[in-house]
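Everything on this sheet refers to the single structure shown next.
So you know, we letter chains A, B, ... as the sequences are listed, proteins then strands, and number each from 1.
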Amino acid sequence: MSLRLELREITKQFPGVLANDRVSIQVERGKVLGLLGENGAGKSTLMNILSGIYKPDSGTIIVDGEQRVFRDPAEAIEAGIGMVHQHFMLVPVFDVVESVALGAETATGPLGTFDRAAARAKIVELSKRYGLSVDPDAKIESLPVGVRQRVEILKALYRKSDVLVLDEPSAVLTPQETEELFGIIRGLASAGTSVIFITHKLHEVLEVADTITVLRRGKVVGSVKPKEADPEQLAEMMVGREVQLTVDRGQAKVGSVTLSLKGVTVLNQAGEVAVANVDLQIRAGEIVAIAGVQGNGQTELVEAVTGLRPVDSGEMTLNGESLVGASPRKISDAGVAHIPEDRSRDGMVKGMTVAENLMLNSYHRKPFSSGVTLNRSAIEAAAEKIVKDFDVRTPSIHTDIASLSGGNQQKVIVGREFSRTVSLVVAAQPTRGLDVGSIEYIHKRLVEQRDAGAAVLIVSTELDEVLALGDRIAVMFEGQIVGVLDAKDATRERVGLLMGGAAV
Amino acid sequence: MKGLRGVLSSVRLPALSILVALLVGGLVIMFSDLEVLAMIPNNPIGALGEGIGRVGAAYSALLRGAFGNPERIVEAIASGDPVELARAARPITESLLKSIPLMFVGLGVSVAFRSGEFNIGGEGQFLMGGLGATTFAIVLGGAGLPAPIVIFGTVLAGAIFGAAWGFIPGFLKVRAGSSEVITTIMLNYIASLFVFFLLSNWTLIQREDGTQPISKALADYVVIPGILPIPELRLHLGFLVALAAAVAVSWFLFRTTRGFELRTAGLNLAAARYAGMGASSSIVAAMAISGALAGMGGAFEVTGTIKQFSTVVSGGVGFTAIAIALVGGTRPSGVVATALVFGALRNGGGLMGLETSIPIDLLFFIQALVIMFIAAPNLTARIIRLPFRRKSKEAVA
Amino acid sequence: MSKSAKTNAVATHVMGAEELKALRGSRIRAFIFAIFALAAFAAATANSATIANLSLWVDTIGGTDALISFPVAIVWIGSGLVLGAVAAAQYRLGGKYRWRVGIAIASPLIVTALFTTLLAGTPANLTVLFTGTFNYAGPVAIGALAGIISERSGVLNIAIEGKFLLGALSGAVASSIFGIAIAGPIAGAVIGALVGLLLAILGLRYKVDQIVAGTVINLGAAGITTFIYLRVLQIHSEFNSPVSILPVKIPVLGDLPIVGNLLFTLSPYSYLALILVAFFTYMLFRTRWGLRLRASGEMPAAAGTVGVDVMKLRYRAMILAGALAGLAGSYLALSGTGGFGMGISAGRGFIALAALIFGAWKPWNALGAALIFGFAEAASTLLSILGVGLPPQVLLAVPYVMTIIVVAGLIGRVRGPASAGRPYEQG
């Protein structure tokens with residue numbers, strides 16, 4: 001048992017947050033360390049320290065028994081640490097050879113000519129040796145995400161890294177691709193590479209890790225062997241208390257069809273079919289949750305329903321009225337609430353006040369607008385009420401929304417959308433990146449909307465969320481709805497299989 | 001109390017920036033003076049004194065040019081003669097006159113900024129406004145219509161021509177994603193060439209002899225009326241319209257639904273789309289309004305101040321306007337205040353050139369420095385703190 | 001089974017939609033080309049009697065002319081035929097037809113036809129036209145190259161105009177003081193490099209919006225150069241009497257008839273432009289430096305996480321770009337036109353910007369754009385000297401109008417470096 005890498009008592013403070021608090025981890029040669037923690041537990045900070053992007057405030061990094069300080073990424077790479085970032089660090093217009101060699105190019109001649117042939121040969125050899133099949137001359141932007149991840153792994157191997165750090169690698173993969181990835185990881189480990197596998201998914205660490213270290217709020221709460229661990233215990237370590245896997249909710253009182261999609265096809269930015277011939281009906285008083293791996297058309301479907309993206313063909317009606325070709329404004333006015341997937345991009349305007357943000361979709365209506373001018377006192381009164389009703393923690397309604405926490409920003413959005421009576425709620429990834437308290441709060445509000453008689457469409461890549469909220473669960477794969485299950489029939493396994501495109 | 005403090009804190013950085021830029025300008029005056037430089041080897045202290053003296057003379061002329069000669073003003077007040085008083089105050093009214101185009105184009109650039117667009121095309125929009133106003137002044141003036149209608153028509157024509165020139169980059173941005181920075185730069189040159197072409201070939205507006213690219217002199221009848229009782233004081237109606245425009249822009253941006261949409265598009269385009277605001281139309285509208293304001297500036301400059309149109313009427317106003325918008329924090333009140341200061345500098349620069357032969361172009365350099373200091377507050381803080389650093393350390397010790 | 005069938009259905013649907021759109025586009029193009037072809041034939045009929053008289057200097061002194069005469073109608077018919085062929089091919093072959101090649105062949109013909117028609121028999125000297133084109137294109141291409149290097153590294157560069165002005169002023173003064181020709185370009189490059197450094201400090205260190213930073217440089221350069229010109233150079237003309245850098249005849253090649261004059265007796269800046277464009281094309285696309293530079297312009301985080309010091313790289317690129325632009329600017333004051341003058345760059349820095357956009361951030365294409373713009377400029381000068389009816393402003397507007405057409409996506413789309421203009425935070 002030889003230690004390849006050790007972090008001792010790493011501490012890193014950001015303004016207002018203690019991201020890492022005396023964190024210590026150990027990685028053995030040829031073993032897989034699973035680093036488990038929920039969003040915001042300090043995993044990414046730790047990895048950025050390990051890869052030389054951040055400098056720790058205190059603590060030491062020990063590589064092969066020798067204390068090291070990484071002043072920049074180059075030094076970490078030189079020490080054999082290879083990162084596979086959650087958001088791939090690949091230049092879209094480069095080809096695979098250029099992407100892999102970047103930063104570790106062999107250069108010849110007085111001008112530093114890039115020796116492409118040598119790099120290409122080495123990549124071909126590596127991909128053969130580790131079973132990472134990739135076309136070395138393909139442009140990155142033309143590759144599917146699963147292949148891009150292999151390019152990232154090749155990047156690390158190309159630099160002779162023998163500590164491979166994978167940050168949430170399964171977030172963009174199908175279950176099948178994830179299985180393939182696990183195979184690659186096992187292969188690498190048996191060839192002597194140490195792997196740090198960062199995730200918030202219990203079953204993944206249980207499956208692939210040799211040791212599991214759990215992080216919570218910047219601290220290590222413990223390390224266990226997978227064989228000795230059970231999921232409930234790990235989950236409790238991760239979130240710090242009994243996890244509520246089911247949301248407290250009564251039986252759905254289903255009414256008439258609110259949203260109806262018939263043969264709906266939607267194109268993505270590149271003009272390819274993203275949503276293919278989808279049929280779906282949502283009734284008043286029920287929650288339909290759409291499960292699926294990210295990038296299988298959910299985003300485009302939500303954009304089509306909310307009017308942000310044109311429907312290429314098919315029928316889409318709300319309470320019997322066609323929505324095809326309707327503007328976002330018209331759809332919103334027809335009683336559709338939308339909690340957008342990318343909160344800070346779509347859902348709010350940084351640089352504007354909480355009050356202004358609360359008015360984003362109603363400023364043009366009476367009593368807030370006379371048609372031409374804004375009625376400030378009405379706006380302020382309404383904003384004060386929403387802030388109070390939805391428990392938004394803000395110094396004032398005139399505070400810039402940018403200075404609020406993520407949970408409170410989401411409350412502003414939810415407050416804005418739910419402060420009027422709506423017949424359809426569309427919520428995309430409504431709890432992404434939030435702490436447990438905020439997640440529970442948002443879930444409760446969604447169920448309230450259902451019980452008030454709204455049809456609720458939830459899109460989530462978190463299987464647990466889908467299972468906890470959905471009265472019916474639809475699974476999207478490659479732009480199609482490959483199955484719709486009632487909540488009582490929906491098990492992890494069945495939904496998981498459908499997410500991967502396997503027939504039930 | 002709190003309001004006053006707020007105003008003071010928002011004025012501090014711009015005021016400091018202008019001050020530091022003037023100081024650097026002083027250094028430039030000193031070190032570009034060959035006589036002073038020649039003195040340095042033999043008499044460095046004397047050279048320094050001489051240099052400071054000359055900078056003082058230059059800036060004193062600048063201030064007198066901008067605000068009038070204090071002695072003369074005091075005498076005029078003592079004499080109680082209203083005509084004498086007005087004449088003594090003429091530099092001030094001339095400064096206000098110079099600030100009119102700056103206010104209009106500065107407001108225009110600010111509206112564009114608020115919608116997230118960088119309008120470098122003020123120059124071209126200003127010229128097109130001048131062209132529209134000139135053409136209509138000549139056409140309507142010849143049609144025998146009453147003066148108020150002619151004047152209203154000319155200003156409106158200027159606004160429409162400017163709006164058209166602002167609409168193009170806005171439209172291209174929305175439709176094709178073309179960077180408005182590139183298109184407005186190119187449109188400046190196209191406007192200039194277009195105006196040059198018309199002034200050399202179109203007999204309707206070309207000066208009768210046809211030798212120079214200059215328009216006919218505009219008849220008194222179509223010229224914007226003055227607002228002061230003494231004819232030597234040229235300040236005209238355009239000044240009041242500019243102030244009204246500032247109020248209107250402020251009302252539009254902060255009190256109307258359209259203005260709210262425009263500001264939302266400027267801060268976060270995706271969120272504006274999500275909120276169903278028709279963000280594209282906000283961008284196009286903002287650029288057209290921006291161009292209309294610049295075009296009105298051109299109209300008033302040509303039909304109110306210069307009374308003759310040529311390709312040189314703009315004189316870099318589009319670029320000065322960027323400085324004004326940034327210094328004024330893209331707030332209409334700030335734009336008006338800054339335009340008044342810059343107008344005064346421009347006007348004072350004339351007397352500075354006359355008395356000390358220091359070229360007025362120094363002001364463009366100073367404007368560039370002001371933009372730099374405003375845009376890089378940390379840099380400014382360092383520069384300002386530099387001389388005080390030692391002192392403050394001593395105070396601590 | 002069913003899954004693959006569905007996927008196939010999806011695939012055909014995609015093709016259908018896209019093909020339809022492409023087909024519609026190609027029909028419209030075919031129609032437009034056909035109209036142009038008809039116009040060309042109409043012009044041929046209208047100008048059936050006109051003879052084009054073009055002359056070229058045979059020897060280097062410019063004494064002897066070689067006169068070329070031909071009927072204008074022939075050129076019109078030729079362009080009409082090419083355009084007609086393009087239209088027909090476009091109609092028959094639909095979206096797959098590569099019509100830009102046809103346009104590339106037709107364009108010079110149309111330009112020649114227009115040019116000779118406008119001259120309407122007046123003899124014109126082509127040598128002046130071509131050397132004028134090349135001499136104009138040289139500094140513009142170097143300026144565009146400066147812009148390419150800076151934008152490829154991820155920093156927007158609208159300050160070429162300002163660097164041209166400062167390069168011209170410093171070149172004139174240094175050349176006057178030292179009395180040797182080489183001092184001018186060197187001083188231009190040094191001052192340009194310093195301006196590049198200032199731009200980098202503002203944009204990279206203090207995170208000033210890069211458009212604002214560029215505006216600062218352009219405005220400041222216009223102000224300070226005019227100021228110094230009026231306050232110092234105009235009075236003390238000894239500081240504004242630079243050693244001119246005149247066209248150089250290349251040994252042997254320069255003595256060839258006709259081409260010796262056309263191609264081998266040019267300003268050194270034109271040859272330098274050619275060398276620099278070739279050199280930096282290699283550097284950008286074949287070397288380690290180029291790979292890293294392009295990566296930091298496209299996706300700086302990708303370069304940063306593999307240990308490339310993006311900041312340092314951008315600083316160096318900005319200094320290099322500044323030096324190139326300043327060097328190019330020195331030409332303006334040293335080309336034998338009486339030293340520095342107020343506003344001597346006259347927008348040529350922005351034409352360089354236009355060339356780099358028109359050339360889609362590729363050095364050779366930018367050089368091509370600079371040549372087209374140079375031709376427009378030289379032709380406008382020639383036509384106005386000959387007193388031809390075409391207003392010179394029309395040709396002078398060519399670079400600006402063409403740039404707008406390109407950025408508006410009317411003829412294909414250009415894609416600049418993805419991250420140009422965004423500040424980068426490292427660690």
For Ile168(B), is it the side chain, the backbone, both, or neither that has a heavy atom closer than 4.5 Å to a heavy atom of chain C?
neither
Give the ring-plane orientation class for Tyr189(B) versus Tyr400(C), where under 30° counts as parallel, over 60° as perpendicular and anything between as tilted.
parallel
Where does Ala354(C) contact chain B at under 4.5 Å (heavy atoms): side chain, backbone, both or neither?
both
Smallest heavy-atom separation, Ala408(C) atom then Leu172(B) atom, equals CB-CD2, 3.6 Å
Counting only heavy atoms not in Phe178(C), do more than 12 fall under 6.0 Å of its CZ?
no
Greatest number of non-hydrogen atom pairs under 4.5 angstrom with chain C, of Ile29(B), Asn201(B), Ile366(B), Leu326(B), falls to Ile29(B)
Sub-4.5 Å side-chain heavy-atom contact between Val212(C) and Phe118(B):
yes
Look at Ser178(B), Gly316(B), Ala375(B), Ser192(B) and state which one has the largest set of heavy-atom pairs under 4.5 Å with chain C.
Ser178(B)
Is Glu161(C) in contact with chain B via its backbone, its side chain, both, or neither, using a 4.5 Å heavy-atom distance?
side chain
Met39(B), CE atom: more than 12 neighbouring heavy atoms under 6.0 Å:
yes
State, yes or no, whether a side-chain contact exists between Arg231(C) and Leu34(B) at a heavy-atom distance under 4.5 Å.
no
Highest number of heavy-atom pairs under 4.5 Å with chain C among Phe364(B), Phe171(B), Phe194(B), Phe365(B) belongs to Phe365(B)
Do you know which of Asn188(B), Leu369(B), Val28(B) has the most heavy-atom pairs with chain C at a distance under 4.5 angstrom?
Val28(B)
Given heavy-atom pairs under 4.5 angstrom as the criterion, report whether the side chain, backbone, both or neither of Asn218(C) touches chain B.
neither
Nearest 0.5 Å please: distance from the CG atom of Asp361(B) over to the CD1 atom of Ile224(C).
10.0 Å
Contact class of Val401(C) relative to chain B, heavy atoms under 4.5 angstrom:
both
Close side-chain approach of Ile404(C) and Ile190(B), heavy atoms under 4.5 Å
yes
Mind checking whether Thr403(C) and Ile185(B) have side chains closer than 4.5 Å, heavy atoms only?
no
Heavy-atom contact with chain C under 4.5 Å, split by part of Ile360(B):
neither
So how far is it from Ile322(B) CD1 to Thr215(C) OG1, rounded to the nearest 0.5 Å?
5.0 Å
Check: Val181(B) and Leu156(C) side chains under 4.5 Å, non-hydrogen atoms:
no
Point-to-point distance, once rounded to the nearest 0.5 Å, from CG of Leu230(C) to OG of Ser32(B)
11.0 Å
Quick one: what part of Ile228(C) sits under 4.5 Å from any heavy atom of chain B, side chain, backbone, both or neither?
neither
Mind checking whether Met372(B) and Val208(C) have side chains closer than 4.5 Å, heavy atoms only?
no
Ile158(C) portion near chain B, given a 4.5 angstrom heavy-atom threshold
side chain
Which atom of Val216(C) lies closest to which atom of Ala368(B), heavy atoms considered
O-CB, 3.4 Å
